[in-house]
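If you read the sequence from its start, that first residue is 1, and numbering goes on from there.
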Amino acid sequence: MAMTGVLRPGHAQIRVLDLEESVKWYTDVLGLKPMGRDAQGRVYFKTRSERDHNSVILRQADQAGIDFFAFKVLDQATLDDFDRKLQAYGITTERIPAGELLETGERVRFRIPTGHMVELYAEKTDVGNGMGYFDPDVDVLDGPGIRPIRLDHCLLYGGDVDGNVKLFTEVLGFTLVERVKLEDGQTDLAVWLTCSAKAHDIAFVRHAEDGKLHHVSFQMPSWESVLRAADIMSVSRTSIDIGPTRHGITQGTTIYFFDPSGNRLETFAGGYDHYPDMHPITWSWEEVGRGIFYHDRKLNDAFLSVVT
């Protein structure tokens, strides 16, 4: 599939309650690579396989949650075009100058209908993944921490899910992959959207409060690596929400767990390929338990209600 617009998830800025405790945990347990600090005190990380300078930014705050989630676009011309399209659609945008985030170019920031801040950007310093661009070796999985491959997606909670779907599909070029209906059979409880051939790059759940984070997800290379992650979580006494298990929706394998500030994260592997000519999959309210947790076939109340 030609990648000409939004390419992939690029970075998430996450609020944490104790910055130094979180830096140690994201380094030693999650296995991210520290990439520096800025004048504001924010700490930057990347996963082992990502080539861009950063994908996770931690900010000290009084309340956990997410400040913004960003997507990388093809080039500067594409960024400018999306800015014009967003404004024509009625969305107010803000241009954040290059360098406001370390090693990151100009960003276009805007608020989506569920109250979350989303960013688009085209440029970020390529620091490589340690394998090189000429006759590279294969990366090995051994090393400290969980060591995910890349920032994969996020799930956000808010009221106007329909508005989000319209914005992401009509303006940003995303495709609707799967949806869950409420009891009335008409209203969407949750939707999964992609800008690539992945099963999802962002997802939304209808919720009474806007601007809430359910989880930020990291891609793992295999089911075995998800099981290894579970062992690391147990050894490190990391709080596990649910898993290891499988989703019916997207068909990926998963563990949900919490960072020291209570932000829910996910290790995710697998999931099917999706292309724009495919019809969206719909799940009924009666089968939503099997859709979310394929093995247990029932919902976990805390999983649905605990957000930051």
Side-chain angles (χ1 to χ4, degrees), residues 3-16 26 32-47 50-61 65-127 150-156 158 163-164 167-174 193-196 201-204 210-213 216-218 263:
M3 303 290 284
T4 59
V6 179
L7 301 180
R8 63 178 182 271
H11 58 251
Q13 182 163 299
I14 299 170
R15 299 191 301 270
V16 296
Y26 275 80
L32 302 187
K33 182 178 179 180
M35 298 301 294
R37 302 187 184 218
D38 64 19
Q40 298 182 42
R42 296 175 296 186
V43 184
Y44 294 71
F45 296 86
K46 66 181 285 293
T47 71
E50 288 168 340
R51 299 178 180 185
D52 284 353
H53 179 271
N54 62 79
S55 61
V56 172
I57 306 108
L58 301 184
R59 179 176 74 86
Q60 176 87 40
I66 189 168
D67 286 330
F68 48 78
F69 193 77
F71 294 90
K72 190 174 189 181
V73 305
L74 180 63
D75 52 27
Q76 185 65 39
T78 303
L79 183 67
D80 294 338
D81 186 51
F82 274 127
D83 193 10
R84 288 190 294 267
K85 288 178 178 177
L86 286 162
Q87 292 185 46
Y89 187 77
I91 300 292
T92 300
T93 63
E94 179 185 5
R95 304 291 287 239
I96 310 297
E100 197 277 336
L101 286 180
L102 288 184
E103 304 297 330
T104 305
E106 184 182 31
R107 293 131 61 205
V108 173
R109 179 183 292 173
F110 54 97
R111 191 179 299 276
I112 63 176
T114 51
H116 301 89
M117 284 296 184
V118 169
E119 296 184 343
L120 305 176
Y121 69 96
E123 298 175 354
K124 187 171 288 191
T125 302
D126 184 338
V127 297
R150 67 181 179 196
L151 175 68
D152 191 79
H153 66 268
C154 71
L155 173 58
L156 304 174
N164 281 0
L167 172 64
F168 274 79
T169 57
E170 295 185 6
V171 181
L172 300 179
F174 283 62
L193 300 149
T194 187
C195 62
S196 63
D201 290 299
I202 196 166
F204 301 102
D210 279 346
K212 295 300 182 180
L213 170 67
V216 172
S217 180
F218 295 89
N263 292 301

Rounding to 0.5 Å, atoms CD (Glu103) and CG (Asn54) come to a distance of 8.5 Å
In this structure, CZ of Phe218 is separated from CG of Leu151 (nearest 0.5 Å) by 5.5 Å
Rounding to 0.5 Å, atoms CD (Glu123) and CG (Asp52) come to a distance of 11.0 Å
_Tyr121 vs Ile96, test: side chain to side chain contact (heavy atoms under 4.5 Å, CB included). Steps then yes/no._
CA-CA 9 Å; Tyr121 69 96; Ile96 310 297; over 6 Å; no
- Should the pair His11 and Phe68 be assigned to parallel (<30°), tilted (30 to 60°) or perpendicular (>60°) ring geometry? perpendicular
Distance col, row Glu119:CD vs Phe71:CZ, nearest 0.5 angstrom, shows 11.0 Å
So, Arg111 side chain and Gly115 main chain: donor-acceptor pair closer than 3.5 Å or not? yes
Closest non-hydrogen contact found for Leu172 with Phe82 is CA-CE2, 3.7 Å
Rounded to the nearest 0.5 angstrom, the CG-CG distance for Leu156 and Asn164 is 8.0 Å
Can you see whether Asp210 engages Thr114 through a side-chain donor-acceptor pair at a distance of less than 3.5 angstrom? no
**Asked** Between Ile202 and Phe174, does a side chain to side chain contact (heavy atoms under 4.5 Å, CB included) hold up when you go through it step by step?
**Response** CA-CA 9 Å; Ile202 196 166; Phe174 283 62; 4.1 Å; yes
Is a donor on one side and an acceptor on the other found under 3.5 Å between the side chain of His153 and the backbone of Val216? no
Run the side chain to side chain contact (heavy atoms under 4.5 Å, CB included) test on Gln13 and Leu101 for me, step by step, so that the C-alpha distance in whole Å, both residues' side-chain angles and the decisive distance to 0.1 Å come before the verdict. CA-CA 10 Å; Gln13 182 163 299; Leu101 286 180; 4.0 Å; yes
Contacts of Asp67 meeting salt bridge (Lys or Arg N to Asp or Glu O under 4.0 Å) (sequence neighbours excluded), chain-then-number -> Arg15, Arg59
Between the CG atom in Leu74 and the CG atom in Leu120, the distance rounded to the nearest 0.5 Å is 12.5 Å
side-chain contact (heavy atoms from CB on, under 4.5 Å) with Val118: of Ile112, Ile91, Leu167, only one passes, and it is Ile112
Smallest heavy-atom separation, Ala122 atom then Gln76 atom, equals CB-N, 3.7 Å
> Do Asp81 and Thr78 have side-chain atoms, one donor and one acceptor, less than 3.5 Å apart?
Replying inline: no
Sequence neighbours excluded, the answer for side-chain contact (heavy atoms from CB on, under 4.5 Å) partners of Asp38 is Gln40, Arg42, Tyr44, Leu102
Test side-chain hydrogen bond (donor to acceptor under 3.5 Å, both in side chains), reference Ser55, set Lys72, Glu50, Arg8, output is Glu50
With sequence neighbours left out, the residues meeting side-chain contact (heavy atoms from CB on, under 4.5 Å) with Lys33 are Met35, Lys46
*Are side-chain heavy atoms of Thr47 and Leu32 found at a separation under 4.5 Å?*
yes
**Asked** Below 4.0 angstrom, N of the basic side chain to O of the carboxylate: do Arg95 and Asp80 qualify?
**Response** yes
- Please test Phe69 against Leu213 for side chain to side chain contact (heavy atoms under 4.5 Å, CB included), starting from the C-alpha separation and ending with a verdict. CA-CA 10 Å; Phe69 193 77; Leu213 170 67; over 6 Å; no
